[in-house]
2 protein chains.
Amino acid sequence: MNDTKKIGRPRSFVEAEALEAAMNVFWAKGYDGTSMKDLTAAMGISGPSLYSTFGDKRGLYLKTIDLYADVDGCAPVVAYEAEPDITKAVRDFLTTVVTYSTQQEGGPKGCFLASCVATTVGEVEGVAERMESAIKATDQRLALKFEREVKLGNLPQDFPALHRGRLLNDLRQGYVHRSRAGWSAEALLEDLEDRVQMVLSWA
Amino acid sequence: MNDTKKIGRPRSFVEAEALEAAMNVFWAKGYDGTSMKDLTAAMGISGPSLYSTFGDKRGLYLKTIDLYADVDGCAPVVAYEAEPDITKAVRDFLTTVVTYSTQQEGGPKGCFLASCVATTVGEVEGVAERMESAIKATDQRLALKFEREVKLGNLPQDFPALHRGRLLNDLRQGYVHRSRAGWSAEALLEDLEDRVQMVLSWA
DNA sequence: TTGTTTATGTATCGATCACTATAAAAGTCA
DNA sequence: TGACTTTTATAGTGATCGATACATAAACAA
């Protein structure tokens, strides 16, 4: 679309690609563990280019968060929405959380938001607001399927869809937390079925 | 006990007090956000004294974690264990989590382990093991009361005590996560009662 | 006293951090 | 062509980081 010629020396990199490369570095090494040197190396651009395009380190970090939130390729949620059967969907969600959180030693682990960004909420200004809206968005997406099932008659009319959406999201955070501390996928999957039933139960 | 005279110039500070002061700094500012300057100022000792006594920054950090784990004055667990009625105990636990996580802007917030240490698990070597054993210990303490209630006949014989202990612990982590992102205590308390019932429910 | 041991205070160390001044390079305009 | 605009690469900036060298101070042992 915007292929109109502009005056001045053209960019030698694609902004979106550089942003994704930066996100992967933050994802793998954390915010504080990532230096500008790491970033310029991974993005394939020089310091001044980075600063003129993305502002400073914090600005770049926030932009990577926005990128992730916009695309939202968060695997567990995608798996959840793809499965028609609600019980299977809940199970798939939690299973995907566990597998994604426990694999990929060293590299990007789990969900960018839950595994990396969440740890910088109290530290980097601007993250908290993004985190809050991201959590709310996920709550809503998870609740949406419950609401559909209520309308279809597969769940009771007074089923607390939003509450259970939030619950599912919090269970995710619990799994991520435990996996960070070294829990194995096997150990995490142990009480998964109990929780699946619990999320869908309604007296 | 160990008040035997030792040769050499005596310490001008009490190790436990200095350690507690250091913990409060880490608690309030996070690991990366805390500089050695912050630490020496808060502990009232000089750099060389700090290094000769506690090793390096990481060593000091790990020692503060051990201190907290040994004392374990984690308010929610204490409140939980103090309340005889199991339903009230579960409610008190979660309520305490919410209130402690949302108050004290700027200063130490929530549980040291859940609010500060948890964010450094993937970053500081030695934290993961401590975090894992701390989580397991809390799981056990929470499950213990459920087991007692089972024996007393207040809960079904096949009630999954350990699973529900873990669940309660994970719900805590979810609340802490949300409070970090800016949730108000009021919003967090909204679906608390639903969860209290859920933790104790058994088909 | 003198020697030994340990802790303290001062004053810094080199390394690394996020960040930028400067000027050449690479494009569009006239 | 040559003025103009923007991005590039080089080479650093001062600040702050975690961690120490050194000499002094304060205890005990002889």
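The basis for the numbers below is simple: all heavy atoms, side chains too, and nothing from hydrogens, waters or symmetry mates. Since we're looking at a predicted model, the values are computed, not measured.
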*For C:dT8, take OP1 and OP2 only and decide whether either is under 4.0 Å from a side-chain N or O of B:Ser46.*
no

*Could you check which of D:dT7, C:dT8, D:dT10 has an atom nearest any side-chain atom of B:Arg11?*
C:dT8

Polar-atom pairs under 3.5 Å, protein N or O versus N or O of nucleotides 2-6 of chain C: list them with distances, or write none.
{"from": "C:dT6", "atom 1": "O2", "to": "B:Arg9", "atom 2": "N", "distance (Å)": "3.1"}

_Spacing between B:Leu50 atom CG and D:dG18 atom P, to the nearest angstrom_ = 11 Å

*Between atom NZ in A:Lys6 and atom C1' in C:dA26, what is the gap in whole Å?*
16 Å

*Rounded to whole angstrom units, what separation is found between the CD1 atom of A:Ile45 and the P atom of C:dA25?*
21 Å

*asked:* Rounding to an integer number of Å, can you tell me how far A:Tyr51 OH sits from D:dT6 C1'?
replied: 20 Å

_Rounded interatomic separation in angstrom, taking OH from A:Tyr61 and C1' from C:dA18_ = 17 Å

*How close or far is atom C1' of D:dA19 from atom CZ of B:Phe54, stated in whole angstroms?*
16 Å

_Rounded distance in Å - NZ (A:Lys57) to C1' (C:dC17)_ = 8 Å

*Just by modelled atom types, is the A:Thr34 backbone N or O under 3.5 Å from a matching donor or acceptor in the A:Lys57 side chain?*
yes

*Is the closest basic N to carboxylate O distance between B:Lys151 and B:Glu147 below 4.0 Å?*
no

*Check A:Arg172, A:Gln173, A:Arg178, A:His177 against B:Asp170 for a side chain to side chain donor-acceptor pair (under 3.5 Å) and give me the one that passes.*
A:Arg178

_Is it the case that over 12 heavy atoms from other parts of the model lie below 6.0 angstrom from the CD atom of B:Glu81?_
yes

*asked:* Using OP1 and OP2 only, check whether a side-chain N or O of B:Ser49 sits under 4.0 Å from C:dT8.
replied: yes

_A:Glu149 with A:Lys145: basic N within carboxylate O range, under 4.0 Å_ = no

*asked:* Tell me whether the side-chain N/O atoms of B:Ser12 come closer than 4.0 Å to OP1 or OP2 in C:dT8.
replied: yes

_Need one value for B:Thr34: base, sugar-phosphate or nothing, where a base atom within 4.0 Å counts as base even if backbone is also close, heavy atoms only._
sugar-phosphate

*Round to a whole Å and report the spacing from NZ of B:Lys37 to P of D:dA19.*
16 Å

*Consider the side chain of B:Ser35, meaning its heavy atoms from C-beta on, and name the nucleotide among D:dG18, D:dT10, D:dA21 that approaches it most closely.*
D:dG18

